[in-house]
2 protein chains.
Amino acid sequence: MKLSAATKRMNKSDLKLIAVLERTGGFASAQELHQILRREGDGIGLTTVYRALQSLVDDKIVDLLRREDGEAIYRLCGDNHHHHLVCKSCGDTVEIEGGAIEKWAKTMAEEFGFREVGHTAEIFGICSKC
Amino acid sequence: MKLSAATKRMNKSDLKLIAVLERTGGFASAQELHQILRREGDGIGLTTVYRALQSLVDDKIVDLLRREDGEAIYRLCGDNHHHHLVCKSCGDTVEIEGGAIEKWAKTMAEEFGFREVGHTAEIFGICSKC
DNA sequence: ATGGAAATGATAATCGTTTCCATTTTCGTG
DNA sequence: CACGAAAATGGAAACGATTATCATTTCCAT
Ligand SMILES: [Mn+2]
Ligand SMILES: [Mn+2]
Ligand SMILES: [Zn+2]
Ligand SMILES: [Zn+2]
């Protein structure tokens with residue numbers, strides 16, 4: 001891969017954040033990531049967490065999305081792009097494929113001449129258990 | 001149409017906000033809408049603007065989405081269900097069909113036994129003008 | 001007119017995020 | 001190893017959007 005290029009400007013904090021994001025897997029806010037690190041005994045400051053995440057986003061190593069309330073959430077952007085099916089009642093989440101969405105987003109964007117296109121797509125409902 | 005049902009719980013402030021949103025056309029933040037009203041001599045309070053917008057969103061009369069920085073922006077929504085293609089740079093928005101999405105959401109939800117299903121899907125990029 | 005409910009808006013409180021700034025770490029060079 | 005510059009760090013204050021409070025005003029049905 002081409003991590004080498006990015007690795008150049010990687011500092012200790014960046015690596016810590018990548019590690020946590022790998023471990024947790026899904027989305028997490030800056031504050032949540034900070035708490036996790038703190039809980040594990042790392043004295044990293046909230047400011048540094050924000051800085052590291054910002055730099056990782058700039059280097060396109062991390063994806064930045066928004067929760068419904070506008071809070072920023074981050075995830076490692078890897079080859080495993082996927083979407084979510086979330087239960088409104090119990091919060092359970094299923095990761096699902098979005099092949100149809102990818103095609104749709106690309107098609108629509110092309111049709112209207114948009115570049116550097118991204119998308120969000122989530123499905124929510126009540127799961128079978130609830 | 002069935003505005004009658006919604007009209008019941010419409011108060012003076014709701015109507016003011018609808019009027020402004022009609023006039024301005026596109027998306028605007030609560031603060032921007034407040035400023036516009038103030039500039040026009042209306043002494044409406046910021047709190048009331050937020051309240052009215054929230055109630056309009058609840059009644060599905062107004063669409064709520066987020067700018068890149070997480071700030072909430074509002075817009076009158078047309079009569080049919082649709083999605084958005086938003087320019088990250090200038091904020092221009094195109095309403096688009098989501099037929100593929102509707103099918104995808106329904107299929108996925110069925111597959112995992114979810115009920116009362118809804119979904120969100122937005123595409124964002126840089127428009128041809130920017 | 002009158003009493004209660006709904007609406008209003010100024011102010012304070014929240015909360016995520018950014019800015020400041022003083023201190024500490026890192027690192028190349030002599 | 002010693003030294004100084006540059007990068008990194010983190011606590012505290014500043015910020016900006018949004019929400020919660022609460023006293024006051026406007027509506028309305030009786
Ligand atoms: Mn996707
Ligand atoms: Mn749709
Ligand atoms: Zn559930
Ligand atoms: Zn644009």
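Computed from heavy atoms alone, side chains included, the values below leave out hydrogens, waters and symmetry copies. Everything numeric here is computed off the predicted structure, so don't read it as measured data. A, B, ... follow the sequence lines: proteins, then strands. Residue 1 opens every chain.
Not counting sequence neighbours, the partners of B:F112 by the side-chain contact (heavy atoms from CB on, under 4.5 Å) test are A:L85, A:V94, A:I96, B:M108, B:F114.
To the nearest angstrom, C1' of C:dT26 lies 15 Å from CG of A:L15. One atom, CD of A:E68, and another, P of C:dG16, lie 16 Å apart when rounded to the nearest Å. Following rounding to the nearest Å, A:L64 (CG) and C:dT17 (P) show an atom-to-atom distance of 9 Å. Residue A:F27 contributes atom CZ, which lies 19 Å from atom C1' of C:dG16 at whole-angstrom precision.
With a 6.0 Å cutoff to the six-membered ring centre and a 45° limit on the axis angle, A:R75 does not count as a cation-pi contact of A:F27.
Nucleotide C:dC27 forms a pair with D:dG4, judged by Watson-Crick or G-U wobble geometry with both contacts under 3.5 Å.
Within the model, atoms CG of B:D14 and OG of B:S55 stand 4.0 Å from one another, a figure rounded to the nearest 0.5 Å. Within the model, atoms CG of B:L33 and NZ of B:K16 stand 13.5 Å from one another, a figure rounded to the nearest 0.5 Å.
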Along nucleotides 9-25 of chain D, 5' to 3', which nucleotides get a B, which get an S, and which get a -, given that the test is a protein heavy-atom distance under 4.0 Å?
-> BBBB----SBBB-----

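The two residues A:L76 and A:L21 make their nearest non-hydrogen contact at CG-CB, 3.7 Å. Pairing each heavy atom of A:R66 with each of B:E68, the nearest pair is NH2-O, 2.8 Å.
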